[in-house]
K.L.:
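What follows is a single structure, and I will ask about it in a moment.
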Amino acid sequence: MRHMLILGGGTAGTIMANKLARALDERDWRITVVDGKEEHYYQPGFLFVPFDIYRMRDLVRPRRQYLPGRVRFILSSIDHIDAGKKKVVLANGEALRYDCLIIGTGADIHPEQTEGLLDEGWGRSKFDFYTPLGAERLARFLKTWQGGRLVLSIAEMPIKCPVAPLEFLFLADAYFTERGMRDKVDIHLVTPLSGAFTKPTSSRVLGEFLERKGISVTPDFGLARVDNDEKKLVAWDDSEVKYDLLVSIPTNMGDPAIARSGIGNELNFVPTNRQTLSAEGLEDVFVIGDATNLPASKAGSVAHFESEILFEKIMEHIEGRAPRAQFDGHANCFIESGYGKGMLIDFNYETEPLPGAFPLPGVGPFKLLGESAINHYGKLMFRWVYWNLLLRGVELPIANEMLMAGKQVV
Amino acid sequence: MQTAILGGKTLALDADGNLADRKEWNEEVAREIAATEGIAELTPQHWAVINFMRSVFEKEGDSPSIRRLTKESGVDTKTLYQLFPKGPAKKAARIAGLPKPKGCI
């Protein structure tokens, strides 16, 4: 009996467990998922919690409910992976041997990596919205806030869902406008990037959006520390930005178990082959989702596109077939822009987000890199798609490889 | 496609304004790119960072992040920002004739 071991029961791990449970013969393979937490959160929903659009309790389900019956679920954190001996040691010392290992341990925020960020005021004038607790505390705070300078600060790249900070700003603009206090709030973005986003065309389009909404930007800001006495961000070059309310996207890092295993980079992300998704230099080990070091967005859509390829790779590997499938870095993200509208971007390793129509070229119904109400409904509908289709690993009506048809080259 | 006259030759640039073909790079080209970035002189410390970036790129196909530069190049973050103001990883990659680091998507 061979053993397929999946570390992490989030988006990536759950999809893989479902796909493999259907494909692998029960007489030959056992499948195990290990995760340190019982709850599965719909993370794209966190963004809406501070603005009272979603409540956190509507975004959480039991992990086990989304795993097939034949899959064994172990509730435990991981001590380390011993790839040489092909085993994983759990927190209680128990060792699990594997024949094939999938690392889907994700990424988390690490505010302790920035001097002064976690000290005095964390949860009172400084918040995150990447954790259930952070998003809920911010929602409570915003209800009675009288206004002032709201600064959204990105500590370091890469971050999960690189468009989330922009969506937060767009939603904040709409939220304060609807409450009749937009004139009392100065909304400001502080980023280590040279503009609003990473790639040239979308950075320009999204930058114009920010400008139109009266949101100012300090680019190229390498955050060194937070000065809590004077409530200001200080950069490595000593430039400063004052805040009344700080919404922080702290440094994102991979699981500490990756560091303990000695298989990660400086941020505990696992060096991963960008086409095959195998862990560089490790035998029978694959990596998926936010845990990789790939130059693709850390987002559920990427984990989904990766799962299609990884499933093929693992079946090729097990059946000894010649390798064919290759990952192209495909990502597809809805961007909530406020007032019931949204945008959509579609891109991969080589092609930046471009304007156009999606998924049917020239028809849509979704509009790429432009604003429309249907994009917003697409985003809201996606929560249902996530729980009912995506996690189950069933085919979605979206091509796995990014297509140029329907995109305008600018 | 954008071009720039560097080291006496017209060289193609990519969409980010970095050298399109890193084989066209040499120390003179590096000094001229640095000048356009407002760095008048490349000191031994600049070269240590540039050479570290090129060796990582050669091996791994991508330039290192600021965090990795700090950890492995022997130059601390504060100094990196003094050497290459406003984004050491981006700026050092450009001067080293490499594409913009992919880590920042």
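Chain letters run A, B, ... following the sequence lines, proteins first, then strands; residues in each count from 1.
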K.L.:
Check whether more than 12 heavy atoms from other residues, nucleotides or ligands sit under 6.0 Å from atom CD of A:E115, and answer yes or no.
P.N.:
no

K.L.:
So which heavy atom on B:K78 is nearest to which on A:D238, and how close?
P.N.:
NZ-OD1, 2.8 Å

K.L.:
Looking only at heavy atoms, what is the nearest atom pair of A:E266 and B:S65, with distance?
P.N.:
OE2-OG, 2.6 Å

K.L.:
May I ask you to check whether over 12 heavy atoms, not counting those of B:Q2, lie within 6.0 Å of atom CD?
P.N.:
yes

K.L.:
For A:T251, is it the side chain, the backbone, both, or neither that has a heavy atom closer than 4.5 Å to a heavy atom of chain B?
P.N.:
side chain

K.L.:
Can you measure from CG (A:L294) to CG (B:D62) and round to the nearest 0.5 angstrom?
P.N.:
10.5 Å

K.L.:
Would one find more than 12 heavy atoms of other residues, nucleotides or ligands at under 6.0 Å from atom CD of A:E401?
P.N.:
no

K.L.:
Report the distance from atom CG of A:D220 to atom NZ of B:K90, rounding to the nearest 0.5 Å.
P.N.:
4.0 Å

K.L.:
Let me know if B:K71 has heavy atoms under 4.5 Å from chain A in its side chain, its backbone, both or neither.
P.N.:
side chain

K.L.:
When you compare the side chain of A:E280 with that of B:E60, does any pair of heavy atoms fall below 4.5 Å?
P.N.:
no

